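What you see is a predicted model; the values in this text were computed from it and never measured. Worth knowing before you read on, the calculation uses all heavy atoms, side chains too, and leaves out hydrogens, waters and symmetry mates.
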Amino acid sequence: MFWLTWLPLAAGTYSALVDQIEEQARKAVELHGAGQVAAAVAKLEGAKGSFREAVRLDARQVDAYVAFGQAMLNTNQLQEAADAWENASQRISREKEPSLAAWVDGRLRWSKYGMVSMERDRSYAEGQGDLVKSVALIERQLEIYPDFPSRHHDLATTHVMLSETLEAASTRAVQSFRTAQERAVQAWRAGLKERGRAGPECSGRLVFDWEGELGAGSALVSVDPVVRGVECSGCEDHGAYVATFKNVGLSGDDGVIVDEVRCAVFLGSAGLAVDLAKNLQLLEVWGDPPTPYADGPAFRWFDFSLGRAPQHGAWESPVRVPRAASVVQFAGTSHFHVLTEVFGRLWVLREHGILADAGVRVVMPRAAGFLAAGFKVLTEGLGIAERIIHWTPGPNDVLLRAETLYFANWRVPVQFGKDGGHCPTPPAVLRNTRQALRLPAKAGPRTLVYVKRKRGDMRSVLAGEPEFSREIEKAAGWLAFTSFDGGLKPKQTIRLFMRARVVVGVHGGALANILFCQGGTELFELGFRNVFAGHYRFLAQALGLRHVLLPLKPDARGMGSHEVELEDLPGALDQIKAALERPEL
């Protein structure tokens, strides 16, 4: 009689304890979010106590392990979560409940992945930690989820930072950038099918060679040459063209051009550098299945914004326009890319007559500072103000659809992964853009410009800089020494660099202002030897400037280090002083 009454009592108690685990963990998260840490810890300890009691009552059942595993996962107690999921996995009949078993296995993988991720964050320390160890930890993350696009992109960028000190890192970076894009487009294609946007000809293609894409069955309908290439040493200048597309979208922060029906992604001159995971809606085909008790797709949607954007960044109401020209692109608001690429695209579109067409809307980043000033110069008299569509960071989805889209593009003069191959603009475009942006000359002293980086930026602390800059100022001779920190207005900046005979500065965006320098100006770049830091070597060569690299001491933190040091400070000073003594200056 006692046995008969004990069974339902125990079952009811076990069920109640499972409910307590879930409720106490939920309350712990709520209290922690409200800043009540001590109360949150107490609730979490209560959940652990309920779990122990449930297991004591019946260690054979799976429910308590599942509830506790999820509770520990939600509260970031990852080792305890992994232990619980391991035990849950052992208690499920895989033949009778295959979906539940697959989900539990996925939760176990996710818990292990989380532990590796936390270790990686500590090691990486926002780019100021141990990058070699970080690479090993990213590779461990990829052992768990081999097709995770964002982790391949992370691996690529970390290899870029290490390429100054590790010879093989450059090649590995290029390979990882390529893999990241390939995995992303597979997940995007799956997502398009899930959303009902893909057509029967959906291929999932990455299109880099736009000129070779022309023909039937493509959204790219024409490529019209605008400027011919010029001779350049160490590069191939193929000039620039305006591409015309039919029925495409602009997606994500970088305004990536997509043909959703055919599942094709058209990558502009930035090529492999573009992080597609932050620009496209991806279905987590690399991940784990959702709980078998939930309705929905076979996989979850990847939430790049980590909850900051609703609906995992999906956007169902894009702007629709008949005709548009876009200058939105990768890194389209950073100074280097604005001066060399965005302005270059504007100039090409203007020369082709697209911007003068009153029926064409112009899609561009919200303009301020240099972007606003240059845009005004390059579009003066074209009546564009009322036709602008401002592009602002937002969901990683199609934000604009155009029946006809125009985009200025070019074959890169240096391949990605070669020296100077980071988003290079053809010399012909650079020289014409420089001519279009230059101001009428004004009387003023010829200048030595010393470029200082703002504190807090990468490479903003140069060891021995006070002594270094003082020695340069003393050696400037008849040149007017000017320290430039980016604080001048655009016109003042342009005039300053037009007067420059010598520019000295640490590798960074402010050196892009050499676009305005006269031919023969000498640039002393305190920089790096690796191929991913060749921006200004290429730019100086394309503009007819003299470039001298003053190498920075290799650093285990790579190019992202906040603190840098010249490899040979006295030798660097000697090189600058020798140049200042040349009569042609």
Taking the six-membered ring where the residue is Trp, are the ring centres of Trp410 and Trp210 under 6.0 Å apart? no
Under 3.5 Å donor-acceptor, Gln181 side chain and Gly271 backbone: yes
Closest heavy-atom contact between Trp85 and Ser111? CD1-OG, 3.3 Å
Does CD belonging to Glu119 count more than 12 external heavy atoms closer than 6.0 Å? yes
With a 3.5 Å distance limit and no angle check, can you tell me whether Asn530 reaches the backbone of Phe532 through a side-chain donor-acceptor pair? yes
Can you tell which of Ile389, Leu371, Val342 makes a side-chain contact (heavy atoms from CB on, under 4.5 Å) with Met364? Leu371
Charged N to carboxylate O under 4.0 angstrom, Glu316 versus Arg195? yes
Main-chain N/O of Val274 paired to Asp254 side chain as donor or acceptor, under 3.5 Å: no
Closer than 4.0 angstrom, basic N to acidic O: yes or no for Arg401 and Glu260? yes
Where is the tightest heavy-atom contact between Asp555 and Thr165, given as atom of each residue plus distance? O-CG2, 3.7 Å
Do His238 and Pro426 come within less than 4.5 Å of each other through their side chains, counting heavy atoms only? no
Given the side-chain rings of Phe416 and Phe177, with only the six-membered ring counted for Trp, is the space between their centroids under 6.0 Å? yes
Just by distance, do the side chain of Gln128 and the backbone of His562 share a donor-acceptor pair under 3.5 Å? yes
Hey, mind stepping through Leu283 and Trp188 against side chain to side chain contact (heavy atoms under 4.5 Å, CB included) and telling me if it holds? CA-CA 6 Å; Leu283 201 60; Trp188 175 66; over 6 Å; no
Grab the two heavy atoms, one from Gly344 and one from Thr433, that are nearest each other, plus how far apart they are. CA-OG1, 3.5 Å
Contact check, side chains of Thr244 and Leu220, non-hydrogen atoms, under 4.5 Å: no
Check Trp286, Trp110, Phe304 against Phe148 for a ring-ring contact (aromatic ring centres under 6.0 Å, His included) and give me the one that passes. Trp286
Ile257 side chain reached by Val265 side chain, heavy atoms, under 4.5 Å: no
Is there a donor-acceptor pair closer than 3.5 Å between any side-chain N or O of Asp259 and the backbone N or O of Cys263? no
Taking atom types as modelled, find out whether Tyr124 and Asp130 have a side-chain donor-acceptor pair closer than 3.5 angstrom. no
When rounded to the nearest 0.5 angstrom, what is the spacing between CG in Asp288 and CZ in Arg107? 6.5 Å
Under a 3.5 Å threshold, yes or no: a donor from one side chain and an acceptor from the other, between Arg183 and Tyr145? no
Given side chains that start at C-beta, do those of Glu525 and Leu511 come closer than 4.5 Å, heavy atoms only? yes
Ring centres under 6.0 Å, that's the criterion: do His312 and Phe302 meet it? no
May I ask you to check whether Ser305 and Asp303 show a side-chain donor-acceptor distance below 3.5 Å? yes
Is the gap between the ring centers of Phe266 and Phe245 under 6.0 Å? yes
Show every donor-acceptor pair shorter than 3.5 Å between a side-chain atom in residues 324-331 and any protein atom, with sequence neighbours excluded, or say none if there are none.
residue, atom, partner, partner atom, Å
Ser326, OG, Val328, N, 3.1
Gln329, OE1, Arg345, NE, 2.8
Gln329, OE1, Arg345, NH2, 3.3
Gln329, NE2, Glu341, OE1, 3.2

Closest heavy-atom pair, Asn396 versus Ser251, reported as atoms and distance to 0.1 Å, is C-OG, 4.5 Å
Can you tell if the side chain of Asp237 reaches within under 4.5 Å of the side chain of Glu231, non-hydrogen atoms only? no
Please confirm whether His535 and His337 have ring centers closer than 6.0 angstrom. no
Taking NZ, NE, NH1 and NH2 as the nitrogens, is one of them in Asp154 or Arg120 under 4.0 Å from a carboxylate oxygen of the other? yes
Can you tell whether the side chains of Lys278 and Asp275 come within less than 4.0 Å, N to carboxylate O? no
In terms of side-chain geometry, is the basic nitrogen of Arg323 or Asp357 positioned less than 4.0 Å from the acidic oxygen of its partner? yes
Could you measure the distance from the OG1 atom of Thr340 to the NE2 atom of His422? Nearest 0.5 Å is fine. 8.5 Å
Run Leu430 and Phe538 through side chain to side chain contact (heavy atoms under 4.5 Å, CB included) and show every step you take. CA-CA 11 Å; Leu430 287 169; Phe538 169 78; 4.1 Å; yes
Would you say Arg537's side chain and His547's backbone share a donor-acceptor pair under 3.5 angstrom? no
At their closest point, which heavy atom of Tyr536 faces which heavy atom of Ala512, and how far apart are they? CE2-N, 3.5 Å
Is there a donor-acceptor pair under 3.5 Å between the side chain of Asp397 and the backbone N or O of Gln281? no
Any sub-3.5 Å donor-acceptor pair from Asn409's side-chain atoms to Ser269's backbone N or O? yes
Evaluation steps, salt bridge (Lys or Arg N to Asp or Glu O under 4.0 Å), between Glu403 and Arg320: CA-CA 8 Å; Glu403 294 174 22; Arg320 296 178 182 272; over 6 Å; no
Thr404 and Pro322, any side-chain heavy atoms less than 4.5 Å apart: no
Can you give me the closest heavy-atom contact between Pro318 and Val398, atom names plus distance? CB-O, 3.6 Å
Can you establish whether the number of heavy atoms outside Glu201 located under 6.0 Å from its atom CD is more than 12? yes
Check whether any side-chain heavy atom of Ser117 lies under 4.5 Å from a side-chain heavy atom of Gln141, and answer yes or no. yes
Between Phe370 and His335, is the ring centroid distance below 6.0 Å? yes
Donor-acceptor pair, distance only, cut-off 3.5 Å: does the side chain of Ser176 make one with the backbone of Ala173? no
Please lay out, stage by stage, how Asp224 and His352 fare under the test side chain to side chain contact (heavy atoms under 4.5 Å, CB included). CA-CA 9 Å; Asp224 300 318; His352 194 50; 3.6 Å; yes
Check ion pair Arg205-Glu213 (N to O, under 4.0 angstrom): yes
Within 6.0 Å of CD in Glu139, more than 12 heavy atoms from elsewhere: yes
Leu346 side, atom CG; Leu378 side, atom CG - distance, nearest 0.5 Å: 5.5 Å
Please check this pair: side chain of Arg387 against backbone of Leu355, looking for a donor-acceptor N/O pair closer than 3.5 Å. yes
Any side-chain heavy atom of His153 within less than 4.5 Å of one from Thr157? yes
Evaluate the criterion side chain to side chain contact (heavy atoms under 4.5 Å, CB included) for residue pair Leu276 and Leu206; output intermediate values, then yes/no. CA-CA 11 Å; Leu276 291 181; Leu206 293 164; 3.7 Å; yes
